[in-house]
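Numbers restart at 1 for each chain; the letters A, B, ... are given by sequence-line order, proteins then strands.
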Amino acid sequence: MTEPLLRVNAIETFYGPIQAIRGVSIEVAPRQMVTVLGANGAGKTTVLRTISGVLNPERGQIVFEGRDIANMAPDQVMRMGICHVPEGRETFPFLTVRENLMMGAYTRRDPAGVVADLELCYTYFPRLQERQDQRAGLLSGGEQQMLAISRALMGKPKLLLLDEPSLGLSPLLVQQIFGIIRRINEEQGVAILLVEQNAHIALKTADYGYVLEVGRVVIEDQCAMLIHRDDIKEFYLGQKEAGVRGQRRWKRKREWN
Amino acid sequence: MEDAARLLQLVVNGAAAGCIYGLIALGFVLIYKATEMVNFAQGDIMMLGGFVAYSLIAHYGLNYWVGALLAIAITAAFGFALDAVILRRVIGQPQFAVVMLTLGLGFIFRAGAGIGWGYDSVGFNTPFTNKTATIGQLVLGQDNLSIIVGTVLLCGVLYVFFSKTRLGVAMQASSQNQLAAYYMGIPVRTVFSLIWAISAGVAAVAGILLSPVSMIDVNMGFLGIKAFAAAVIGGFGSIPGSLVGGVVVGIVEQLAGYYLPAGFQEVTSNVVLLAMLILRPQGLFAELSGKRV
């Protein structure tokens, strides 16, 4: 077992008096793609925000490449090599697409590498090149998501945090974007921690998965195993075994309870 | 013909006064866009900039240009420190706290300037004092022309800075989306303090440009009230708007002073402001955009 790139160890995070995360441990190995699933309010986004330094955990460690980053400010965490694609895109609406991308490379001092990465982003998302001189606020939701992912890539991350990239997109576009996320992971060797509500596509795309419920990890396994578990199918993939009238969903219990 | 020349002269003088309003308004807008704070001490920072320039030039005998640049730099550093030490702490507090704090700071600055420099009006010699330029039938004061030229040059520099340099674009980005700017590794707090520094520096420029026209005194900061009207007319949040708003207020004021009975001049900026709020409440240059999902 090699030392993981990121080790989140039993973190507990509070919003004021409310405890949102109750001891979550997650590991991401180099080049690995890990997903965290869970319903609304399970604490998925909070985990990512704690890792990227927007929130500080009350207890627990976050170790990235051997250094504890739990109490660092978000701009310092980014400089360590963790880029965050926040929920809801959060682009800079009055800057052009190109300026948005260049802001992603704000901390870099290698102009040649930045230009090369800009080209790389345009090959992954040709739509962005077509619209490079438009203001980001005028893009469609899907294009803004492409922009947010590309902007994070411009920071040359070792670990990419993706928060609900499927939010508000058409099923076809979700397929496309997840295909590109997988390619980025494989071709660029970037480790990815993906938070998703769309469990189906997340489990098909990622290597390893965690399921979060009310601030706790209730189950973790290889995605290939998770996708075949009956309880995951029932509660996260919405599948029922056809024709088995005796086993209605309310009679079934989650196996982890 | 004579009437046309007089009108033109009034317009130029008004535009010069308006440029000063516009520069102060620019300071309001820069800070408001970045931190959503309204800095009511902006006019008083202009006053401090003027006094610093007075000390350097009249007292220590520095060359006008050297003294002016040094005064701008000192005032900018003061603006940076003001944010880093005091105002950063009230981000996220209710607007009212910010209003009270900056109003209070304005009082402190006025009192401090009174103690340090006295309550008398002072002035210093500039290359533009009491000189005129004659263009055809027009006789224009070089002091007024220097204000207009100085404002245009400053705006050019700021435009290039904000649209072409990495730091300038990062300032725009931090104003538009603070959280995302953090995620990009931009040190947002320092960037905000730098925006305060720019606002204070711009105010110092206004104070220095104004000094040949009207003397520097402790209460010159009350110009900030008219500048506030200018900022609102421009659509509070728009940088070109604040300058256009300033020039509108300045010209209307001059014309009212000449054509209307005495006393009207003082209220015209507020009349323009009220008319604007009734007819086009979003201002001349409102930037509107909904968030898309």
Side-chain angles (χ1 to χ4, degrees), chain A residues 48-49 51-54 72-96 98-109 111 114 135-145 147-148 151-152 154-157 160-161 163 167-169, chain B residues 29-30 32-36 84 88 91-93 158-195 234-242 282-283 285-293:
Chain A
L48 288 196
R49 293 176 136 225
I51 294 170
S52 64
V54 176
M72 279 190 185
D75 52 320
Q76 289 173 303
V77 171
M78 186 270 166
R79 281 159 203 264
M80 297 281 298
I82 300 181
C83 291
H84 190 149
V85 181
E87 190 178 11
R89 279 74 95 166
E90 306 282 352
T91 54
F92 302 118
F94 296 113
L95 298 186
T96 65
R98 202 187 149 81
E99 283 171 332
N100 265 275
L101 292 172
M102 294 312 283
M103 279 297 107
Y106 180 81
T107 55
R108 291 173 63 180
R109 291 288 178 277
V114 171
R135 284 181 170 190
L138 301 175
L139 299 182
S140 73
E143 289 162 345
Q144 290 201 13
Q145 187 64 58
L147 177 59
R151 190 180 59 178
M154 290 297 290
K156 217 160 186 51
L160 194 59
L161 307 178
D163 198 345
L167 191 78
L169 303 186
Chain B
V29 169
L30 283 177
Y32 178 74
K33 277 182 80 153
T35 59
E36 302 200 349
R88 184 179 288 176
I91 284 187
Q93 301 296 322
L158 286 177
Y159 175 78
V160 172
F161 173 73
F162 278 113
S163 60
K164 300 285 184 260
T165 68
R166 205 173 62 103
L167 183 60
V169 178
M171 284 181 178
Q172 287 192 58
S174 308
S175 304
Q176 289 169 23
N177 195 329
Q178 204 176 327
L179 184 64
Y182 266 122
Y183 286 148
M184 301 301 108
I186 298 169
V188 177
R189 284 159 170 253
T190 313
V191 163
F192 283 168
S193 295
L194 285 172
I195 289 176
F236 224 98
S238 159
I239 289 173
S242 62
Q282 72 273 34
F285 290 77
E287 269 185 338
L288 294 176
S289 113
K291 187 172 177 176
R292 294 203 188 183
V293 186

| query | Between A/Gly53, A/Ser52, A/Pro74, which shows the greatest number of heavy-atom pairs under 4.5 Å with chain B? | reply |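 Of the candidates given, the most pairs with chain B belong to A/Pro74.
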
| What residue, out of A/Ala148, A/Pro86, A/Ala152, A/Gly155, has the most heavy-atom pairs lying under 4.5 Å from chain B? |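 Highest number of pairs under 4.5 Å: A/Pro86.
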
| task | Can you see which heavy atom on A/Val54 is nearest to which on B/Tyr183, and at what distance? | result |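 Shortest heavy-atom contact: CG2-OH, 3.4 Å.
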
| task | Search all heavy atoms of A/Tyr106 against all heavy atoms of B/Pro187 and return the closest pair with its distance. | result |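 Looks like CE2-CD, 3.9 Å.
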
| Tell me, side chain or backbone of B/Ser163 under 4.5 Å from chain A's heavy atoms, or both, or neither? |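 Backbone of B/Ser163 only, per the 4.5 Å heavy-atom cut-off to chain A.
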
| task | To the nearest 0.5 angstrom, please state how far the CD atom of B/Gln176 sits from the CG atom of A/Leu95. | result |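 Result: 4.0 Å between the selected atoms.
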
| said: Measuring from atom CD of A/Glu99 to atom CD of B/Gln172, what distance do you get when rounded to the nearest 0.5 angstrom? | reply: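 Rounded to the nearest 0.5 Å, the CD-CD separation comes to 6.5 Å.
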
4.5 Å side-chain heavy-atom contact, [X] and [Y]:
X        : Y        : result
B/Val169 : A/Met103 : yes
A/Arg89  : B/Asn177 : no
A/Arg151 : B/Met184 : yes

Are more than 12 heavy atoms, taken from residues, nucleotides or ligands other than [X], located less than 6.0 Å from that residue's [atom1] atom?
X        : atom1 : answer
B/Glu36  : CD    : no
A/Arg79  : CZ    : yes
B/Phe161 : CZ    : yes
A/Arg108 : CZ    : yes

| message | Taking every non-hydrogen pair under 4.5 Å, which of B/Ala181, B/Ala170, B/Ala180, B/Ala173 racks up the most with chain A? | response |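 So the answer, after comparing B/Ala181, B/Ala170, B/Ala180, B/Ala173, is B/Ala173.
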
